[in-house]
Visitor: 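Encoded as structure tokens, here's the structure I'll be asking about.
Being a predicted model, the structure only gives us computed values, none of them experimental.
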Amino acid sequence: MPGWFKKARYGLASLLSFSSFILIIIALALPRWLSGKILCQTGVDLVNATDPELVKFVGDIYYGLFRGCKVRQCGLGGRQSQFTIFPHLVKELNTGLHVTVLLLLFLALALALVSMGFAILNMIQVPYRAVNGPGGICLWNVLAGGVVALAIASFMTSVKFHDLTERIANFQEKLFRFVVVEEQYEESFWICAASASAHATNLVVVAISQIPLPEIKAKIEEATVTAEDILY
């Protein structure tokens, strides 16, 4: 059986893996991976708007991996519309890259659960096989954290190099054309990043659990026997 020190550390490792699992689910569910400002270029060109008037043509947009919202500002007041990525909008995006982000996150969910299972196993007993021990926990955490990091990098690639926001903003727009003037990552993106950080923290926790604690030995006093003691 592992000592209390290792049990506590493996318990913390299992909680971190489970928290990573929950964080990924939250990131998938919330529709706020990225938000931005979109300019109605068609409206600006029609009225030949100057700088002070441009604010009337700047709308808002935010979206996640499954749905989002857009507020159009084309000089006639804001018009809000909801949209979903599947099944039609995804065809206008880089479909392969978007699906890759989703598949990587679903894979990360499974790896987080496996990592948690290995941590619980080590908390309960000392595994006979080395691959099931601390090395196995580190392996699964490296894989899970790496997969999440790869999903984040793929999403950033889609935003920066494939004009993700502009494609979404102009989806099913026949009269107006929108250009992106501002973008920023939102809470879902950072929650996903926190999930990868949880696995990195797990590696530190497992490494600390391998540090041997100093053994506390009770000092045994030697009894001294004198000649008087022998007589009595």
Visitor: Show your working on side chain to side chain contact (heavy atoms under 4.5 Å, CB included) between L34 and F189 and close with a plain yes or no.
Guide: CA-CA 7 Å; L34 189 139; F189 177 88; over 6 Å; no

Visitor: In this structure, are over 12 heavy atoms from other groups packed under 6.0 Å from F66 atom CZ?
Guide: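 It does: F66 CZ has more than 12 such atoms within range.
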
Visitor: Show the nearest heavy-atom pair for residues A108 and V148, with the distance to one decimal.
Guide: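 Shortest heavy-atom contact: CB-CG2, 3.5 Å.
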
Visitor: Would you say S195's side chain and I191's backbone share a donor-acceptor pair under 3.5 angstrom?
Guide: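 Such a contact is absent between S195 side chain and I191 backbone.
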
Visitor: Below 4.5 Å, heavy atoms only, C-beta onward: do R72 and C40 meet side chain to side chain?
Guide: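 They are not in side-chain contact.
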
Visitor: So if you build clusters from Ile, Leu, Val, Met, Phe, Trp, Tyr with side-chain heavy-atom gaps below 4.5 Å, do L103 and L105 land together?
Guide: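 L103 does not cluster with L105.
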
Visitor: Looking only at heavy atoms, which two atoms of R32 and E186 are closest? And how far apart?
Guide: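 Reported closest heavy-atom pair: O-CB, 3.1 Å.
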
Visitor: From the options Y63, W190, F155, select the one residue that forms a ring-ring contact (aromatic ring centres under 6.0 Å, His included) with W33.
Guide: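 The passing option is F155.
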
Visitor: Please check if atom NE2 in H162 has more than 12 non-hydrogen atoms from other residues, nucleotides or ligands closer than 6.0 Å.
Guide: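 Check passes, neighbour count above 12.
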
Visitor: Do S158 side-chain atoms and L164 backbone N/O form a donor-acceptor pair below 3.5 Å?
Guide: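 A pair under 3.5 Å: no.
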
Visitor: Give the minimum heavy-atom separation between A49 and F57, together with the two atoms involved.
Guide: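 Shortest heavy-atom separation between A49 and F57 comes out as CB-CE1, 3.9 Å.
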
Visitor: Walk me through it: do K70 and D60 pass the test salt bridge (charged side-chain N to carboxylate O under 4.0 Å, His left out)?
Guide: CA-CA 6 Å; K70 177 177 68 175; D60 300 294; over 6 Å; no

Visitor: Can you see which heavy atom on K56 is nearest to which on Q73, and at what distance?
Guide: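 In this case the closest contact between K56 and Q73 is O-CB, 3.5 Å.
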
Visitor: Treating Ile, Leu, Val, Met, Phe, Trp and Tyr as nodes and any side-chain heavy-atom pair under 4.5 angstrom as an edge, say whether V159 and I38 lie in one connected cluster.
Guide: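 Shared cluster, yes.
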
Visitor: What heavy-atom pair brings A112 and S17 nearest, and what distance separates the two atoms?
Guide: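 Between these two residues, the closest heavy atoms are O-CB, 3.6 Å.
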
Visitor: Within the structure provided, determine whether R177 and V179 are in side-chain contact (heavy-atom separation under 4.5 Å).
Guide: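 In contact.
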
Visitor: Output, in order, the C-alpha distance, side-chain angles, deciding distance and verdict of side chain to side chain contact (heavy atoms under 4.5 Å, CB included) for I137 and N202.
Guide: CA-CA 9 Å; I137 299 176; N202 242 347; 5.6 Å; no

Visitor: Test side chain to side chain contact (heavy atoms under 4.5 Å, CB included) on I61 and F178; report intermediate values, then the result.
Guide: CA-CA 11 Å; I61 187 172; F178 294 91; over 6 Å; no

Visitor: Would F118 and L139 count as a side chain to side chain contact (heavy atoms under 4.5 Å, CB included) here? Give the steps.
Guide: CA-CA 10 Å; F118 270 66; L139 173 63; over 6 Å; no

Visitor: What is the minimum heavy-atom distance between P31 and Y62, and which atoms define it?
Guide: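 So the two residues come closest at O-CD1, 3.2 Å.
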
Visitor: Should I168 and I85 count as side-chain neighbours, where that means a heavy-atom distance under 4.5 Å?
Guide: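 Counting from C-beta outward, I168 and I85 do come under 4.5 Å.
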
Visitor: Which word best sums up how the rings of F18 and F21 line up, parallel for under 30°, tilted for 30 to 60°, or perpendicular for over 60°?
Guide: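 The rings of F18 and F21 lie parallel, inter-plane angle below 30°.
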
